[in-house]
2 protein chains.
Amino acid sequence: MRLTKGCKKVLEVLETADDLSSAQDIHSKMRTTEDKPPGLTTVYRSLESLVNMGLVQAVDLGDGERRYEMIKPGEHHHHLVCDACKNSVHLDQCLIEELEGGIKAKYGFEVRGHILEIFGICSDCSKGSNGIK
Amino acid sequence: MRLTKGCKKVLEVLETADDLSSAQDIHSKMRTTEDKPPGLTTVYRSLESLVNMGLVQAVDLGDGERRYEMIKPGEHHHHLVCDACKNSVHLDQCLIEELEGGIKAKYGFEVRGHILEIFGICSDCSKGSNGIK
DNA sequence: CTACCTGCAAATTATTTGCCTTAAC
DNA sequence: GTTAAGGCAAATAATTTGCAGGTAG
């Protein structure tokens, strides 16, 4: 599995992104920075590879649009997503992993994965001094 | 906001459903039980009303298809979804609500909502005596 | 009568796929 | 030269919307 041009370019965009990026975000950003930008299809295919390689995680906020971000290989994390400015903050630890043992004991259910995203109002926005998008 | 025929029929289906139902599930179930079943559009619109009324919750499992289930008004819960048989079990308490205070204190973030679904293998399936769909 | 519910068809939108061209090793 | 990557157009598929007709109070 080679790390192709397309993958590399997608990674570059994700490295510099300060927030979650959709495939379309990544694609339009490339159109401004690259002279010969990859097509949307390539972005999707690159993202798929990167997710499989464990370098990128897909995040689903339930709005029908998948977002992506770089992660340390094999790790993952969750977000506090502001309903007002749409920015997100990483949680520094996964709240679910520590519960897995209890779930196994109580329900006999072996946890393999989970979706967790938290919505609300960030401190900037509740102060009024926000940067609402 | 009146509880229309369409809404009532959708509720009836959800009452008897033993698991999460997609709009299409509900619609096709009606085609077998009702002599003059509502259209898909009506199902979607009814579900929207019911969610707004707090009688039904929408559940997003990240597969691009929204599921629905009845809830006690104002409550909500999360699920253990089996990757093998696709059945789901309710968690009897929300794991996030108790963390809200800590999140507020640590991040200044006021929690208003969240998505949480847990995937894995249920006890039936790990025993091998499962009913894989 | 008037407002809202319904249904059908058409529109929308993110994502995927087919297929042919092109670049990599 | 063979094999996989990239591009473009077309296909999917869930959901939403426009609009015309129907129904209830």
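Below, chain A is the first sequence line, B the second, and so on; all start at residue 1.
Closest to the side chain of Lys5(A), from the set dA24(C), dT15(C), dT15(D), is dA24(C). Here the nucleotide nearest the side chain of Thr42(B), chosen from dG7(C), dT15(C), dT15(D), is dG7(C).
Taken from CZ in Arg67(A) to CG in Leu14(A), the straight-line distance is 13.0 Å, to the nearest 0.5 Å.
Taking the six-membered ring where the residue is Trp, the centroids of His114(A) and His78(A) are separated by under 6.0 Å.
Between the side chains of Ser22(A) and Asp25(A), at least one donor N or O sits under 3.5 Å from an acceptor N or O.
Using a cutoff of 4.0 Å between basic side-chain nitrogens and carboxylate oxygens, Asp63(B) and Lys86(B) are not scored as salt-bridged.
Taken over five-pair windows at either terminus, the axes of the helix from dC1(C)-dG25(D) to dC25(C)-dG1(D) are inclined to one another by 20° (rounded to 10 degrees).
Residue contacts shown for Arg45(A) include a base, since a base heavy atom lies under 4.0 Å away.
Taking 4.0 angstrom as the limit, Tyr44(A) places none of its side-chain polar atoms (N or O) nearer than this to OP1 or OP2 of dT16(C). Applying the 4.0 Å criterion to OP1 and OP2 of dT6(C), one finds that Thr4(B) has a side-chain N or O inside that range. A close approach under 4.0 Å does not occur between any side-chain nitrogen or oxygen of Thr41(A) and OP1 or OP2 of dG6(D).
Remark: the backbone N or O of His79(A) is paired with a side-chain donor or acceptor of Glu117(A) at under 3.5 angstrom.
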